[in-house]
Each structure stands twice: as C-alpha cells, then as structure tokens.
Amino acid sequence: MDVAALNALPFEDFVNILGNVVEKCPLITAAIWSERPFVNFTALETAISDFIDALPESGKEGILRCHPDLAGRDLQSGTLTRESREEQAGAGMSALSSAEASRMSRLNEEYKQRFGFPFVICARMTDKANILRQLSERCLNERATERARGIEEVKKICSLRLRALVLPDAPNKL
Ligand SMILES: NC(=O)NC1NC(=O)NC1=O
C-alpha cells in the first residue's frame, strides 16, 4: 500500500493496518490519523516520531513497557504479536541454547530491576551476540540515558514495520 492509499483510509482501517507499528500502542496511530494527508513516507514516519517525542517521560516509559522481553515469557508461550515473533526469530531468539536463554533471562530481569522498564533493541538490525553484549553493557547506564536509548530503538522498529507495510519492496519485509 502506498502513502496516497493510506491517506485515503477511514480511521478504523488506518488503525487496523498501522496500529502495531509501535508495539501494542495503537493510540499513536490513532492520534496521527488526523494529520493526514502525509506527503510521503518520511512525513508519516516523522509524525509518529514527533508524537513520541512530545510525550512526557512517563509516556515514553509506557511505550517501552508495552514491549515484550526478548526471548521472554511471551515467546515461550506463543503470545508475541506477529511482528515481534518474526523480529525475534530473525535475531535467533527462538533458538537459544539453554545457557544463552538463562543468561538472557537473568540480564533482562537485572535490567528491569534497575530501570523499571524492559530492555528494547531493534532485533532486525542486530544479532544474538550483539543483543547479549548490549544488554549487559546497557545495564550499566543511567536511567535517563536508557529511556532515550530505548525510545531510539522503538523508532527503528517502527520504521522497519512501516516500511514493510507502506513500501512493499523495501528490505526487511515483515
Ligand atoms: N524487548 C525488545 O526489544 N523487543 C523487541 N525488539 C524487536 O525488534 N521486536 C521486539 O519484540
């Protein structure tokens, strides 16, 4: 679907199609609908990014908390969203050795204990070894740094999800 077609969608369809570009945050898609028409893909992406940036810190943390852990309970129980399942599988999260799985689980818990929100990284732009390395390194950061870093990653995830929907020939198709 191209941007012109998206601009023509009624509210319900727009939210049904784009509602999970930010994981479990359809409110963001609902909010930017009123900013149509978007002149191009970048304008759509910028509208989402600007909406996120305008949120108070509690809102940004809320977005981070909507993200499932990497290789966490939702992956084990099959309750990830389709997008998240494909992203996590692509980064090898569904095929961890038991040693890797327990390290991931321990570090995810440590991160959440320290910051009060989960570790978020754009799985499609990295791999298993880097995820584990980043997770242990980022545990040492300050809370505000991590809040901002997590939001940067949310925007990367959003950009790739949007590209898959709006620019069907883009790489990293979902
Ligand atoms: N916690 C976390 O980073 N989750 C994710 N990252 C990603 O690319 N997809 C996810 O579900």
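Remember, it's 1-based here, ligands and their atoms both numbered in the order they're listed.
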Colleague: With the criterion set at N/O pairs under 3.5 Å, what does the list of contacts between the protein and ligand 1 look like, atom names and distances included?
Modeller:
| unit_1 | atom_1 | unit_2 | atom_2 | d |
| --- | --- | --- | --- | --- |
| ligand 1 | 1 (N) | P68 | O | 2.8 |
| ligand 1 | 1 (N) | F119 | O | 2.8 |
| ligand 1 | 3 (O) | I121 | N | 2.9 |
| ligand 1 | 3 (O) | I121 | O | 3.1 |
| ligand 1 | 4 (N) | P68 | O | 3.3 |
| ligand 1 | 6 (N) | I121 | O | 2.8 |
| ligand 1 | 8 (O) | E87 | OE1 | 3.4 |
| ligand 1 | 8 (O) | I121 | O | 3.4 |
| ligand 1 | 8 (O) | A123 | N | 2.8 |
| ligand 1 | 9 (N) | E87 | OE1 | 2.7 |
| ligand 1 | 11 (O) | S84 | OG | 2.4 |

Colleague: For K112, is there an ion pair with E109 - N to carboxylate O distance below 4.0 angstrom?
Modeller: yes

Colleague: Would you say the side-chain atoms of R138 and N141 include a donor-acceptor pair closer than 3.5 Å?
Modeller: no

Colleague: Scan side-chain atoms only and decide if E23 and T81 contain a donor-acceptor pair under the 3.5 Å cut-off.
Modeller: yes

Colleague: Do S159 and R163 have a side chain donor and acceptor closer than 3.5 Å?
Modeller: yes

Colleague: Return the set of residues passing side chain to side chain donor-acceptor pair (under 3.5 Å) with S97 (not counting sequence neighbours), or none when no residue passes.
Modeller: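 Side chain to side chain donor-acceptor pair (under 3.5 Å) check on S97 returns E100.
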
Colleague: Please determine if R161 and E87 form a salt bridge, counting it only when a charged side-chain N lies under 4.0 Å from a carboxylate O.
Modeller: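 The answer is yes: the pair qualifies as a salt bridge.
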
